[in-house]
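Below: the structure, in structure tokens.
If you're wondering where the values come from, they're calculated on a predicted model, not measured in any experiment. Below, chains carry the letters A, B, ... as their sequence lines are ordered, and counting in each starts from 1.
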2 protein chains.
Amino acid sequence: MISIGELARRAQCTVPTVRYYESIGLLPKAQRREGGHRAYDRADLARLNLIRRCRDCDIPIERIRELVSLSEGQRLCGETVAFFEEQRRVIQARIDALKELDLTLSLHLQSCRSNCLPNGDPCEIFDQLQA
Amino acid sequence: MISIGELARRAQCTVPTVRYYESIGLLPKAQRREGGHRAYDRADLARLNLIRRCRDCDIPIERIRELVSLSEGQRLCGETVAFFEEQRRVIQARIDALKELDLTLSLHLQSCRSNCLPNGDPCEIFDQLQA
DNA sequence: GTGCTTCCTAAAGTAGCTTTAGGTTCAAGC
DNA sequence: GCTTGAACCTAAAGCTACTTTAGGAAGCAC
């Protein structure tokens, strides 16, 4: 059995985050030592690892709840693969949106480079943004 | 002078969002009609447009505060361009992170495709995620 | 004057944590 | 046995950028 600090260290997250997951029921209620400190075993670490890996992939908590029950059920490939493929689509959509934003910003910058004059001339980026 | 609904429609945001911006001081306190309804002019629309364009580019509100004061000051190209270039760096970093996540997910999916057996075999994705 | 839409305020809810405040437990060193 | 410092505890508030809810009031068409 390991402490909450050790658990957090191994799963690469903070102690308050572990307590938070317990409070929302994403982790089961931890066992306690005599003094009241939480104590964890290998299974707890495995589950927290699963959660953190998913959060690193920006999978929302409610989705992870579904995944955790998948992982504790029959672990069917079909459902699991569908889950991750859906998540990839979400990420891809986000990448596309960000690329568009980047393009927009680069166009604004171009308008300054091509239209603004060197010395203290009011920058034209704003004229585009306020229209 | 136009109503808050009309303003929101033109700037492509919701009415509560406009009131929210006023409440945090990003928009100045609106003028009022006799009955108490807010009334806006062209300058208000320009400012809201500036704010929304930036939010569409995911620039945080506190950064937009700086930008608004830039836009109301001398509008120096140097400062303005630096502002937007910094923002592009932030967006680029986010794109890079998402691409890495996508790669991670695709590797997990590969492990299923290459290791899992067809019929009801427990999916191996979880073994990776829980390690 | 009777609806219907738009508007008003204030407060609470959202995600996913982090931070704060005020206290208890544990382990090491003397 | 005692002290000290780190790690732990709880509950509540704070964070971003809004959205939602509740309970009314104003404005406009018919």
Side-chain angles (χ1 to χ4, degrees), chain A residues 1-27 29-41 44 47-68 87 90-91 94 97-98 101, chain B residues 1-27 29-41 44 47-68 87 90-91 94 97-98 101:
Chain A
M1 302 293 273
I2 58 175
S3 71
I4 192 172
E6 182 66 15
L7 180 78
R9 204 184 54 70
R10 293 200 197 188
Q12 315 241 56
C13 69
T14 70
V15 167
T17 297
V18 176
R19 286 195 279 251
Y20 169 71
Y21 288 157
E22 181 182 321
S23 79
I24 61 170
L26 192 54
L27 286 175
K29 287 202 170 182
Q31 286 181 255
R32 300 293 183 131
R33 289 186 217 270
E34 288 195 4
H37 288 197
R38 290 173 178 80
Y40 298 92
D41 60 19
D44 294 315
R47 180 142 167 187
L48 181 55
N49 269 332
L50 172 62
I51 294 167
R52 289 307 307 175
R53 298 270 192 290
C54 291
R55 287 297 302 135
D56 286 343
C57 296
D58 234 17
I59 297 176
I61 297 239
E62 289 314 305
R63 289 280 284 157
I64 298 178
R65 268 188 223 280
E66 299 167 29
L67 184 68
V68 166
Q87 212 49 48
V90 171
I91 291 172
R94 238 177 259 178
L98 284 172
L101 299 184
Chain B
M1 302 294 273
I2 58 175
S3 72
I4 192 172
E6 181 67 14
L7 180 78
R9 204 184 54 69
R10 293 199 197 189
Q12 316 241 54
C13 69
T14 69
V15 167
T17 297
V18 176
R19 287 196 278 251
Y20 169 70
Y21 288 157
E22 181 182 320
S23 79
I24 61 169
L26 192 54
L27 286 175
K29 288 203 170 181
Q31 286 181 256
R32 299 292 182 131
R33 290 187 216 271
E34 288 195 4
H37 288 194
R38 289 173 178 81
Y40 298 92
D41 60 18
D44 294 314
R47 180 143 167 186
L48 181 55
N49 270 332
L50 172 62
I51 293 168
R52 289 307 306 176
R53 297 272 192 288
C54 291
R55 287 297 302 136
D56 287 343
C57 295
D58 235 16
I59 297 175
I61 298 240
E62 289 314 305
R63 290 281 285 157
I64 297 178
R65 268 189 223 278
E66 300 167 27
L67 184 69
V68 167
Q87 212 49 48
V90 171
I91 290 172
R94 242 177 256 179
L98 285 172
L101 299 184

One pair to check against side chain to side chain donor-acceptor pair (under 3.5 Å): A:Tyr40 and A:Arg47. What are the steps and the verdict? CA-CA 11 Å; A:Tyr40 298 92; A:Arg47 180 142 167 187; over 6 Å; no
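Dashed line: the shortest gap from a side-chain N or O of B:Thr17 to OP1 or OP2 of D:dT19 is under 4.0 Å. At the phosphate of D:dC18, OP1 or OP2 sits under 4.0 Å from a side-chain N or O atom of B:Arg52. For the pair B:Arg65 and D:dT16, the criterion of a side-chain N or O lying under 4.0 Å from OP1 or OP2 is not met. Listed pair B:Arg32 / D:dA26 fails the phosphate criterion, with no side-chain N or O lying under 4.0 Å from OP1 or OP2. The phosphate of D:dT19 has neither OP1 nor OP2 within less than 4.0 Å of any side-chain N or O from B:Arg19. For B:Arg38, a side-chain nitrogen or oxygen approaches OP1 or OP2 of C:dC8 to under 4.0 Å. Contact annotation: B:Arg33 side-chain N/O to C:dT6 OP1/OP2 distance is not under 4.0 Å. One finds a side-chain N or O of A:Ser3 lying less than 4.0 angstrom from the OP1 or OP2 phosphate oxygen of D:dC8.
Proximity note for B:Arg55 (side chain, C-beta onward) versus D:dA26, C:dC17, D:dA17: the nearest is D:dA17. Picking from D:dT19, C:dC17, C:dT9 the nucleotide with the shortest atom distance to the side chain of A:Tyr20 gives C:dC17. Taking the side chain of A:Thr14 as heavy atoms from C-beta on, and the options D:dC8, C:dC7, C:dT18, the nearest nucleotide is C:dT18. In this structure, of C:dC17, D:dC8, C:dC8, it is D:dC8 that holds the atom nearest to the side chain of A:Val15. Listed nucleotides: D:dA17, D:dC8, C:dT18. Nearest to the side chain of A:Pro16: C:dT18.
Annotation: side chain of A:Tyr21 is in contact with side chain of A:Ile61 (closest heavy-atom distance under 4.5 Å). Looking at B:Thr17 and B:Arg52, their side chains come closer than 4.5 Å, going by heavy atoms from C-beta outward.
Nucleotide C:dC7 holds its C1' atom 17 Å from the CD atom of B:Gln31, rounded to whole Å. Remark: P of D:dA7 and CG of A:Leu7 are 15 Å apart, rounded to the nearest angstrom. Across the protein-nucleic acid pair, A:Asp56 atom CG and C:dG16 atom P stand 13 Å apart, rounded to whole Å. At whole-Å resolution of the value, CD in B:Glu6 and P in D:dC28 are 14 Å apart. Atom pair A:Ile61:CD1 and C:dT18:P shows a separation of 11 Å (rounding to whole Å applied). Atom CD1 of A:Ile2 and atom C1' of C:dC26 are 17 Å apart (whole Å). Protein atom CE of B:Met1 is 16 Å distant from nucleotide atom C1' of C:dC7, rounded to whole Å. Following rounding to the nearest Å, A:Glu22 (CD) and D:dA11 (C1') show an atom-to-atom distance of 14 Å.
Pairing each heavy atom of A:Gln87 with each of A:Pro60, the nearest pair is NE2-CD, 4.1 Å. For the pair B:Met1 and B:Arg33, the tightest heavy-atom approach, listed with the atom from each and the gap, is O-NH2, 4.0 Å. Considering every non-hydrogen atom in both A:Arg32 and A:Gly36, the closest pair reads NH1-O, 2.8 Å.
With the nearest nucleotide of DNA chain D identified for both B:Ile59 and B:Gly35, B:Ile59 has the one nearer the 5' end. Place A:His37 and B:Ile4 on DNA chain C by their nearest nucleotides, and B:Ile4 ends up nearer the 5' end.
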